[in-house]
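We use all heavy atoms of the structure for the numbers below, so side chains are in, but hydrogens, waters and symmetry mates are not. Every chain is numbered from 1, with letters handed out A, B, ... down the list of sequences.
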Amino acid sequence: MSAPEAFYVTTPIYYVNDSPHIGHAYTTLACDALARFMRLDGRRVRFLTGTDEHGQKVEKAAREAGLDPQRFTDQVSQRFRELLALMDFSADDFIRTTEARHKRAVQALWRRLVERGHIYLGKYAGWYSVRDESYYTESELVDGRAPTGAPVEWVEEPSYFFRLSAWQQPLLEFYARHPDFVLPPSRFNEVVSFVRGGLTDLSVSRTTFRWGIPVPDDPEHVIYVWLDALTNYISALGYPDTESELFRTFWPADLHVIGKDILRFHAVYWPAFLLAAGVEPPRRVFAHGWWTNEGQKISKSLGNVIDPHALVGTYGLDQTRYFLLREVPFGQDGDFRHEAMVRRINHDLANDYGNLAQRVLSMIARNCEGRVPQPGPLAAADEALLARAHALLPAVRDAMAEQALHRALELIWELVGEANRYVDAQAPWALRKSDPGRMRTVLWVLAETIRHIALLSLPFVPGAASRLLDQLAVAQEDRHFAALGPAGRPLAPGTALPAPRGVFPRWQEA
RNA sequence: GGCGGAGUAGCUCAGCGGUAGAGCAGCGGAAUCAUAAUCCGUAGGUCGGGGGUUCGAAUCCCUCCUCCGCUACCA
């Protein structure tokens, strides 16, 4: 028996100077659905998320809160942990950049880059904004302020630089060898064209604040944001111990899921750091889009930030998960609209999926003594529906392999539609008197189809799908994809079933 | 300014050389097992404008317009 194929998926680490919002929830949700899918598909999965806790803004916010930075980050990091419970995220590890394991990894990576001659000491000068934690060039300023409107001051400081300029060609060659390194393809084009335009060396240390990881052998400097933050993906695997079982199993990462705003750091800087350190770059970076709220850009000043707690509280967890993953092709921007949410809840979930299960399970409860019916010989229509059900896993697997989460759901719902059409065509309620044997066959075929739908929807709507599997009396140990298909674990006739209960209630406008 | 993407039915989009498609909305009908859910039928849109290639273009080429992303630059 061969070892299960590994799958390592990560969210970005979230900056603690912000409360969890729909963007964080969305990124983590996508990773969660992928991680759940891969686990059910028999792969050995590691799903990492965490928090980014260093930097001047955090230092300042802590001071304002009257706390030392560590206490402060302990508190705010907790809010991101709570998001995991709120949305039933199945992360295997949660990393914080203030942890010892991370500091050790970052300093080791730094030393390695120094040893290999990729880091040198220089001087950094420019217009600096504390608020943005960013330097601007003279030409970027607008009326003496940052493009963001933040005040700036002229700052000169000694700084260590990473020789990014030396990595233009190696990166371009790397991209050429890995045309799927960045998805969606349009983002890949942006990255390649950015690198083609030339790269300048990257400032990787600061002396203007203390809250960070000290530069080894030069404690006046603190390691600057990206070299610190990006390293989390390997520090969580125990870097620099690259010979450990953990590291060897899961690195290189299969997938970094990110928002499109941090694409450059993940698709240019990160592989450059790793190539320079002699570590293999990740296999893929997927940049997803942004949500607007009822057509409006989301911002704190507009006061239209979407709180995940509110979403889950209002619409329900499975409903929220389904909407976010189904409404918008993964990778594109999307618009969050109450009306659209209600349509998805009532049509896709309640009417199509929930009602399919309910009508079938009710008929079984009433006409088959509440037990999985015994099928007779299968007719062509039965074989056709079952064939569709059996073909679903490979199709969904292909969609998931390219992070087409919306497409995966679409495929599942195509089977839901087939099953509803089959119910109408076979009209088991009419067979009840005319041909009870045939009715039992039809209901068994439907129950078996619903089992496939429930198992395959488990990564997306885990709560409802589990409840549906309960109603089909599917044992816990049979809740994985190897149980699908004719060679899997079809429903055994005679198995007693619990009383059916709706899994997706309709939305009632208050 | 450069690079890339997009402009197709009311809305969201697929199609990417061979007589215009899906979902949603709308309209008409059937059914009644079910969460008043389901199923069937119904889309007459110059495929952004113009020009070209081709037996034939939404689909290739040129050009113009509009929108979006990335990037650069300017006194």
Side-chain angles (χ1 to χ4, degrees), chain A residues 137-142 147 182-200 259-265 267-268 287-290 292 295 297 316 319 323 326-337 339-368 373 381 404 406-407 409-414 416-434 436 438-440 442-443 446-447 450 464 467-468 471 499-508:
Chain A
T137 62
E138 183 78 41
S139 63
E140 282 175 301
L141 299 188
V142 180
V182 174
L183 285 183
S186 59
R187 297 292 167 200
F188 183 70
N189 290 342
E190 285 177 14
V191 167
V192 172
S193 100
F194 173 77
V195 173
R196 279 214 187 98
L199 298 171
T200 55
K260 60 185 182 178
D261 56 322
I262 52 176
L263 176 59
R264 188 193 300 172
F265 310 107
V268 181
H288 70 240
W290 291 133
T292 50
K297 196 178 163 168
Q319 288 80 353
F323 178 85
R326 175 63 194 272
E327 184 68 4
V328 173
F330 195 54
Q332 310 212 149
D333 290 346
D335 185 26
F336 184 90
R337 300 177 64 204
E339 190 185 284
M341 174 65 114
V342 170
R343 199 179 300 129
R344 290 291 181 193
I345 290 175
N346 285 346
H347 292 231
D348 296 12
L349 297 179
N351 297 354
D352 294 342
Y353 186 135
N355 184 55
L356 168 69
Q358 187 67 10
R359 68 199 298 211
V360 169
L361 291 171
S362 300
M363 282 188 272
I364 290 176
R366 285 195 194 141
N367 305 309
C368 306
H406 60 292
R407 179 63 191 150
L409 286 168
E410 209 174 289
L411 287 162
I412 295 168
W413 258 256
E414 280 173 16
V416 169
E418 277 304 313
N420 269 320
R421 281 186 282 281
Y422 173 89
V423 179
D424 282 294
Q426 301 304 319
W429 54 89
L431 294 169
R432 190 164 67 94
K433 292 209 169 130
S434 66
R438 176 65 196 148
M439 175 197 73
R440 285 191 284 275
V442 166
L443 291 179
L446 280 165
I450 291 169
R467 274 177 268 130
L468 189 48
Q471 295 185 30
R501 289 182 55 190
V503 293
F504 284 120
R506 287 180 64 79
W507 171 267
Q508 310 281 2

**Asked** Distance between the P atoms of B:C70 and B:G56, in whole angstroms?
**Response** 42 Å
**Request:** Quick one: look up who B:G7 pairs with, Watson-Crick or G-U, both distances under 3.5 Å, and put none if it's unpaired.
**Result:** B:C65
**Request:** Taking atom P in both B:U63 and B:G15, compute the distance separating them and give it to the nearest angstrom.
**Result:** 25 Å
**Asked** Under 4.0 Å between a side-chain N or O of A:His347 and OP1 or OP2 of B:A25?
**Response** yes
**Counter-base of B:A58, judged by Watson-Crick or G-U geometry with both distances under 3.5 Å** = none
**Request:** Using a heavy-atom cut-off of under 4.0 Å over every strand shown, decide if A:Arg366 touches base, sugar-phosphate, or nothing.
**Result:** sugar-phosphate
**Complete:** Of the listed B:C39, B:C3, B:U35, the closest approach to the A:Phe504 side chain comes from B:U35
**P atoms of B:A20 and B:A36, separation to the nearest Å** = 42 Å
**Prompt:** With a 4.5 Å heavy-atom cut-off, do A:Cys368 and A:Met439 have their side chains touching?
**Reply:** yes
**Request:** Write down the partner of B:G41 under the Watson-Crick or G-U wobble criteria, each distance required to be under 3.5 Å.
**Result:** B:C27
**Fill in**
Partner of B:C73 under the Watson-Crick or G-U wobble criteria, both distances under 3.5 Å, comes out as none
**Prompt:** How many Å lie between CG on A:Asn189 and P on B:G5, as a whole number?
**Reply:** 6 Å
**Message:** Quick check: on RNA chain B, is the nucleotide nearest A:Gly417 upstream (toward 5') of the one nearest A:Val423, or the reverse? Name the residue that is more 5'.
**Reply:** A:Val423
**Message:** Could you work out, with side chain to side chain donor-acceptor pair (under 3.5 Å) as the rule, every residue matching A:Asn351, not counting sequence neighbours?
**Reply:** A:Arg506
**Prompt:** Roughly, in whole Å, what's the span from CG in A:Asn420 to P in B:C39?
**Reply:** 5 Å
**Prompt:** When the distance from CG of A:Asn351 to P of B:C24 is rounded to whole Å, what number comes out?
**Reply:** 11 Å
**Message:** I'd like the P distance from B:A57 over to B:G44, given in whole Å.
**Reply:** 24 Å
**Fill in**
Taken to the nearest whole Å, CG/A:Asp333 to C1'/B:G5 is 13 Å
**Prompt:** Starting at the 5' end of RNA chain B and moving along, which residue's nearest nucleotide shows up first, A:Glu190 or A:Gly502?
**Reply:** A:Gly502
**Prompt:** Do A:Leu446 and A:Met363 have side-chain heavy atoms sitting under 4.5 Å apart?
**Reply:** no
**Asked** Base, sugar-phosphate alone, or nothing: which one does A:Arg196 contact when heavy atoms must sit under 4.0 Å apart?
**Response** nothing
**Request:** Check the distance between B:A34's P and A:Leu356's CG and give it to me in whole angstrom.
**Result:** 14 Å
**Item:** Complement of B:U32, any strand, by Watson-Crick or G-U distances under 3.5 angstrom
**Value:** none
**Asked** P atom, B:G51 versus B:G21: distance in rounded Å?
**Response** 26 Å
**Message:** At 4.0 Å (heavy atoms only), tell me whether A:Asn367 reaches a base, stays on the sugar-phosphate, or touches nothing.
**Reply:** nothing
**Message:** Heavy atoms only, 4.0 Å cut-off, all strands: where does A:Gly354 land among base, sugar-phosphate and nothing?
**Reply:** base
**Presence of A:Arg506 side-chain N/O under 4.0 Å of B:A37 phosphate oxygens OP1/OP2** = yes
**Message:** Using the side-chain heavy atoms of A:Arg187, tell me which of these nucleotides is nearest: B:U38, B:C70, B:G69.
**Reply:** B:G69
Using distance only, find each side-chain donor-acceptor pair of residues 329-336 of chain A under 3.5 Å and give its atom names and separation, not counting sequence neighbours.
residue, atom, partner, partner atom, Å
A:Asp333, OD1, A:Lys260, NZ, 3.0
A:Asp333, OD1, A:Trp290, N, 2.8
A:Asp333, OD2, A:Lys260, NZ, 3.0
A:Asp335, OD1, A:Thr292, OG1, 2.8
A:Asp335, OD1, A:Glu294, N, 3.2
A:Asp335, OD1, A:Gly295, N, 2.6
A:Asp335, OD2, A:Gly295, N, 3.1

**Request:** Would you mind reading off the distance between A:Asn355 atom CG and B:A37 atom P, rounded to a whole angstrom?
**Result:** 9 Å
**Asked** Contact class for A:Val195 (heavy atom, under 4.0 Å): base, sugar-phosphate, or nothing?
**Response** nothing
